[in-house]
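Order of the sequence lines sets the chain letters (A, B, ...), proteins ahead of strands, with each chain counted from 1. The analysis underlying the following values was restricted to heavy atoms, covering all of them including side chains, and did not include hydrogens, waters or symmetry mates.
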Amino acid sequence: MLVWFLPLFLVLLLIGLPVFFALLAAPGALLWLTGQERDFGLLYRNVYNGMDSFPLMAIPFFMLAGEMMNRGGITMRLVEFSQAMVGHLRGGLAHVNILSSMLFAGLSGSAVADTSALGSMLIPAMEKQGYSRRISAAITAASSVIGPIIPPSGIMIIYAYVMGESVAALFLAGIVPGVMVGLGLMAVTAMMAKRQGFPAATAKAGWDMRGRASLRAFFPLLTPVIILGGILGGVMTPTEASAVAVAYALIVSVFILREMRLGDIGPVLMRASITSGVVLLLVGAAMAFKTVVSLSHAPEEMAAFLTSLTSDPLLMLLLINLLLFIVGMFLDAGPAIIILGPILGPIFVELGVHPVHFAIIMSVNLTVGLATPPMGLVLFVASSVSGERVERIARAILPFLAVEIFVILLITYVPAVSLTVPEFFGFIKETSP
Amino acid sequence: MAAILAALRPLARLNIALLATGRMLAILLLALMVLVILAQVFFRYILGDALNWTEEAARFGMLWMTGLVAPSAYRWGGFVAIDMIAMALPRLAGRILTLALLLISFAVLVAAIDLGHAHIFSGCLFKSATLWLPFTLEFSLPIPLTGADLTLCTRATGIAFEWGWAKMPLALSFLSLFLGIIVMTLVSVELILREIAKLGGLETALPAIRPATGTES
């Protein structure tokens, strides 16, 4: 009986109940119907306990750092830097968009932040140069999924929190996959540029100009080095590194680039507190949901069902790719990880898949789902930033999605793609099977 | 319908004031959280003398920040939802669905108030490991028209305050979510009344939901 709360949850979600309420209403209703009201208290307590975590604090801090860098002209510097490097290629601004996303990903951990920050700047610029609005929006949306793959990453912080993995290992494991998505998107862009005659953005920049752009982008580009360096050097926990990133962003924006005034701090803090407050509530609600998931024996049933389909780990991974991809279309990555991670993770670890490898498969799958029609969150943000209709962006994004799916398969079947870097830095033990 | 508008206006004013206060405090807390964690890093690595209270203090700040901004996020439509069906339906059907969804959310919140009340009392005996306060505080404030009360560890109406150092009871931390839910319930009532007014064709007479200054742009 209790197992019915999963379908009920989906129905509530699809008719438009906010995810936060759906996560609580579905298990609540079923507990009530089965006369287990005394577990209501458990549900409530777990919302609170789910939010009460030091590692999760990296989420508001990274969001705050991202907001500050955006307000402080750091995004602009990254775009200028990208322009000096790849602006002369055919389809220059499209390449600039993708490269900026990769650089921005090193500062921010959210695809939505990436879409709105870069989209509001680059989509109008691309249109002015003759790109169609839907292509401009599609490239912005497709490349913004790199945000949570290249560290820092909000969803990897959540994954590490729920599954007890090391944040540092997950961050490191995301680097190569993120770069691969970026390069893949650039390859598609290059092909499209040739066929559809995209313009180059600028004349080829000389090395002096590139040098100047690099210098102007030097302090912003140092951010990921500080964050990762601090974590990898064992000097700081990820949460502490995120607080240091805030201080660094403030100093760079206010005193070095001088684009942000101290008076801008209030609104920046407010936006960061509201967006992260919503994420934290979702995490809390998803943790409560998770307790009822375990009460319902759904994980065991699901595991039995999956293993009854096939015992071949490779085929099973393909099925999971499919499942996660579909889930990602409908559900935000954070709640999806909290709900599905504890169900799916153990099944695959049992089959011999490395936990960090599985974390990356799951994170990348769900992140790409953010840019996937019909419900991808990033598509909606791209639509509101560009003024283009979601359906048109959804159609234009298909060739880019094809590359991203290809990268997902590569990540899934070649563990070395995600495991080599964390192994090299000694954050995971030998992974030979 | 006139009665609904008459009820809506003061409620909207109350919510706007409560939410603005909540946001101001939340901003302050977020800034303090950053400072406290920076101090933690500074003391541990530069001075070699780790502070023991910073982590818990920052978590306390984060929980309160979340409780204080949640109602603003809810009122401004910041709670992620898939609204395709309500948009695709004919106008009237869409409105009715929206109202139904608001009522479900309201039911969740009302249930949560009850649970939150019990949760607070469960945290009165347990004290924080590292946080001390220069006072002890207990209160129970009845919430008008509802029969419920906003409480911190007492059922006797009123505020009891006394100076003197004491370990902070965990209930003070628990209060963040409870208060957030109570204010979200107020917002929920406002949103429901708005939707009913819209069904009654009074859309243009409704007070604005967004701040006019565009502080959230």
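With a 4.5 angstrom heavy-atom cutoff, F106(B) does not touch chain A via any of its atoms. At a 4.5 Å heavy-atom cutoff, V279(A) makes no contact with chain B through either its backbone or its side chain. The parts of V244(A) that come within reach of chain B are both its backbone and its side chain, each placing non-hydrogen atoms under 4.5 angstrom from that chain. Residue L43(A) does not touch chain B at all, counting heavy-atom pairs closer than 4.5 Å. Contacts between S242(A) and chain B at a heavy-atom distance below 4.5 Å are absent for every atom of the residue. Heavy atoms of L97(B) lying under 4.5 Å from chain A belong exclusively to its side chain. Interface remark: L377(A) contributes side-chain atoms only to the contact with chain B (heavy atom separation under 4.5 Å). The parts of I27(B) that come within reach of chain A are both its backbone and its side chain, each placing non-hydrogen atoms under 4.5 angstrom from that chain. Looking at I181(B), only its side chain comes within 4.5 Å of chain A, counting heavy atoms on both sides. For a residue to count as touching a neighbouring chain, one of its non-hydrogen atoms must lie under 4.5 Å from one of that chain's; by this rule A58(B) touches chain A with backbone and side chain alike. Heavy atoms of M24(B) lying under 4.5 Å from chain A are absent altogether. At a 4.5 Å heavy-atom cutoff, the contact between V108(B) and chain A is made by side-chain atoms alone.
Under the 30°/60° scheme for interplanar angles, the aromatic rings of Y74(B) and F79(B) are found to be tilted.
You'll find the side chain of L19(B) reaches within 4.5 Å of the side chain of V187(B), heavy atoms only. L133(B) places a side-chain heavy atom less than 4.5 Å from the side chain of L172(B). At a threshold of 4.5 Å between non-hydrogen side-chain atoms, the residues F255(A) and L250(A) do not count as touching. Contact annotation: the side chain of T223(A) approaches that of Y248(A) to within less than 4.5 Å [non-hydrogen atoms, C-beta and beyond].
Listed by chain and residue number, nothing satisfies the side chain to side chain donor-acceptor pair (under 3.5 Å) test with S120(A) (two or more places apart in sequence, or in another chain). Partners of R395(A) according to the side chain to side chain donor-acceptor pair (under 3.5 Å) rule, which considers only residues two or more places apart in sequence or in another chain, do not exist here. Listed by chain and number, the residues in a side chain to side chain donor-acceptor pair (under 3.5 Å) with Y48(A) are S173(B) (sequence neighbours excluded).
The two residues A371(A) and A141(A) have their closest heavy-atom pair at CB-O, 4.1 Å. Closest non-hydrogen pair, P60(A) versus M33(B), comes out as CG-CE, 4.4 Å. Taking each heavy atom of G94(B) and L89(B) in turn, the nearest pair found is N-CB, 3.8 Å. Heavy atoms only, all atoms of each residue included: L282(A) and L23(A) are closest at O-CD1, 4.0 Å. Among all heavy-atom pairs drawn from M287(A) and G50(A), the shortest one is CG-CA, 3.8 Å.
Your options are T66(B), L101(B), V69(B), and the one with the most heavy-atom pairs under 4.5 Å with chain A is L101(B). Chain B forms more heavy-atom pairs under 4.5 Å with one residue of T275(A), V47(A), V235(A), V268(A) than with any other, namely V235(A). Between chain B and the options L64(A), V390(A), L17(A), L13(A), heavy-atom pairs under 4.5 Å are most frequent for L17(A). Looking only at heavy-atom pairs under 4.5 Å with chain B, the residue among V278(A), L281(A), V19(A), D52(A) that has the most is D52(A). Interface check for chain A: of the options I85(B), L38(B), L28(B), the most heavy-atom pairs under 4.5 Å are formed by L38(B). Heavy-atom pairs under 4.5 Å with chain B were tallied for I15(A), V246(A), L24(A); the largest tally goes to I15(A).
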- Query: Would L186(B) and L18(B) satisfy side-chain contact (heavy atoms from CB on, under 4.5 Å), going step by step from the backbone distance to the final call?
  - Reply: CA-CA 10 Å; L186(B) 286 176; L18(B) 285 176; 3.7 Å; yes
- Message: Quick one, V167(A) with Y161(A), criterion side-chain contact (heavy atoms from CB on, under 4.5 Å). Give me CA distance, side-chain angles, the key distance, then yes/no.
- Response: CA-CA 8 Å; V167(A) 176; Y161(A) 166 58; over 6 Å; no
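Close approach to chain A, defined as a heavy atom under 4.5 Å from one of its heavy atoms, is seen in R44(B), Y45(B), E55(B) of residues 43-56 of chain B, taken by number.
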